[in-house]
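Read the structure below first, then the notes.
Below, chain A is the first sequence line, B the second, and so on; all start at residue 1.
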There are 2 protein chains.
Amino acid sequence: MASKATSSRAAPGVPKPKREEPQGGLPRNYLRASLLLLIGEAPVHGYDLLEQIAGLGLHTVDAGGLYRALRVMEGDGLVASAWEHSASGPARRTYRLTVEGGEWLHVWAGALRETHRYLSSYLDRYDDIVRSPDAVLPNAELPDAELPDAMLPRAEVPK
Amino acid sequence: MASKATSSRAAPGVPKPKREEPQGGLPRNYLRASLLLLIGEAPVHGYDLLEQIAGLGLHTVDAGGLYRALRVMEGDGLVASAWEHSASGPARRTYRLTVEGGEWLHVWAGALRETHRYLSSYLDRYDDIVRSPDAVLPNAELPDAELPDAMLPRAEVPK
DNA sequence: GCCAGATAGGTGTAGGGTACACATACCCAA
DNA sequence: TTGGGTATGTGTACCCTACACCTATCTGGC
C-alpha cells in the first residue's frame, strides 16, 4: 500500500476508515469552546473569528458552521451581538460575552483542562507501548516508511 | 440560581444549554482511540475494556456503544477477535490489534498529541484572561461561589 | 429447585454536532 | 462592469453519541 497519495483525499486502497476528517481528534464542541475563549479575550466579529480560530487547532473551519454556532450561542444567551457599520466593507456583527457566557467559558476551561490531563495519560501509555521491547504492537512507529499518510484523522499532523 | 442541585442532573433554571453530556470535552472518536490503545497494550475482551476505559476519561461509557464500536472496528480490520470459553462465566470475545489497527493507533496518537498541544495553548490563553486585571470577562473565576456546578460539560471535574 | 445478581455481549433509535455545498450582499479596484 | 475580498448566512446528509432495552451464562443463597 502507501504508494503516493499525499493529496488530502483518502487512499483508494483503504477499506473503510474515513477518519480523515478536518477536526480529527479535537474535543467535542471545541468550536463552541473556542468561540467563547476568543470572544472572551475581546469583542470580535465573525469573520475575524474565522481567521483567529485556526490558531486554536481549527484549521479548516466551516464558515457557515461558525456563523451558525454564533447565532445559536446568542440564542442561548452566551453572547450578545451588535451591528457595526464600518466605512469600508459590509457591516459586521460584533459579539461580546454575556455573564452566562463567561460562566460557561469557565466551565469549558475546566472540562478541557481535565481532557488535557487525560490526553497526557493516553500519550504516556502510548509511548510506553512504543518503547516497550516486548511490543505487542505489530509494527512500532516506523520512522518514515509504511505508515500511510493519507488516512490521517486530521489532514496533516505537523511538527 | 445555583441553590442546591448537586445531583448530576441539570438545574431547572438553565435555559437551553444541555452540555452536561457525559463525554463533555473529550476528543471526537475518543472511544475508538481508547480502545485501540487498550487493545494495543494487551489483548482483552469487551467487558474488561468496559472497566479499564474509565481510566482514560470515559467514566460513563455506554456498554452497548463499546461493544458496537468493537464490532465495527473488527469489520474495518483494525482488530481481530476470538471466543474464549472460560470455566466460570459466559464466553468472552477477546480482541487483539491487527497490523492496520496498529498503524491507526500511531495515527491517533499523533492526532491526540496535536490536540494536547492545542489544549495547552487554549488553557494558557484562558489563564491569561482570568489573570488579566482589565478582565473583559463579566466575572472571573469565583473561587467557590456563584458558578453553577450542575451545568458542567462533564458530570464532575475532580481534583 | 429456583431466583437474584454478576458476568458478558448485543440491538434500536433519536438527537445533535460536523462537513460540505451553496446563497446573499457590500465595497473597491482594474 | 466585472472580479475578488469582505462579511454573513441557509440546507442538508452523515455519523457519533446517548439512552433504553434485550439475551445468555454461571454462581451463590434460600
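Counting to the nearest Å, the C1' atom of dC27(C) and the NE2 atom of His85(A) are 15 Å from each other. Following rounding to the nearest Å, Leu66(B) (CG) and dC19(D) (P) show an atom-to-atom distance of 16 Å. One atom, CG of Leu35(A), and another, P of dT8(D), lie 13 Å apart when rounded to the nearest Å. When rounded to the nearest whole Å, the span between CG of Asp76(A) and C1' of dG17(C) equals 14 Å. Rounded to an integer number of Å, the gap from Leu26(A) CG to dC15(D) C1' is 17 Å. Taking atom CD on Glu84(B) and atom P on dT25(D), their separation rounds to 18 Å, with Å as the unit. Whole-Å rounding puts the His59(B) NE2 to dT17(D) C1' distance at 17 Å. If you measure from atom CG of Leu50(A) to atom P of dA19(C), you get 13 Å, rounded to the nearest angstrom.
In terms of polar N and O atoms assigned as donor or acceptor, the side chain of Asp62(B) comes within less than 3.5 Å of the base of dC19(D) in a complementary pairing.
Using a 4.0 Å heavy-atom cutoff across all strands shown, Arg68(B) reaches at least one base atom of the nucleic acid. Residue contacts shown for Ala91(B) are limited to sugar-phosphate atoms, with no base heavy atom under 4.0 Å away. Using a 4.0 Å heavy-atom distance criterion, Ala69(B) is classed as making no nucleic acid contact.
Remark: Tyr67(B) is not in phosphate contact with dG10(C), judged by side-chain N or O atoms under 4.0 Å from OP1 or OP2. In terms of phosphate contacts, Arg28(A) brings no side-chain nitrogen or oxygen within less than 4.0 Å of OP1 or OP2 of dG16(C).
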Enumerate all atom pairs, one protein N or O and one N or O from nucleotides 5-7 of chain C, separated by less than 3.5 Å.
from   : atom 1 : to       : atom 2 : distance (Å)
dT7(C) : OP2    : Tyr47(B) : OH     : 3.2

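The backbone N or O of His116(A) sits less than 3.5 Å from a side-chain atom of Ser120(A), completing a donor-acceptor pair. Of the possible donor and acceptor atoms, none in the side chain of Ser132(A) sits under 3.5 Å from a partner among the backbone N and O of Asp128(A). Checking side-chain atoms of Tyr122(B) against main-chain N and O of Ala33(A) turns up a donor-acceptor pair under 3.5 Å.
When each of Ser86(B) and Arg71(A) is assigned the nucleotide of DNA chain D with its nearest heavy atom, Arg71(A) is the one assigned upstream, toward the 5' end. In terms of position on DNA chain C, the residue among Gly65(A) and Gly46(B) whose nearest nucleotide sits closer to the 5' end is Gly46(B).
Paired with Tyr126(A) under the rule side chain to side chain donor-acceptor pair (under 3.5 Å), one option of His106(B), Arg113(B), Glu41(B) passes, and it is His106(B). Of the candidates Val44(B), Ile39(B), Leu78(B), Ile39(B) is the only one forming a side-chain contact (heavy atoms from CB on, under 4.5 Å) with Tyr95(B).
Under the ring pair (Phe, Tyr, Trp, His ring centres under 6.0 Å) criterion, His45(B) pairs with no residue at all, not counting sequence neighbours.
With dC16(D), dG9(D), dT10(D) as the candidates, the nucleotide lying closest to the side chain of Arg32(B) is dC16(D).
Applying the salt bridge (Lys or Arg N to Asp or Glu O under 4.0 Å) test to residues at least two apart or on different chains, the pairs with a partner in residues 44-73 of chain A are Arg71(A)-Glu74(A).
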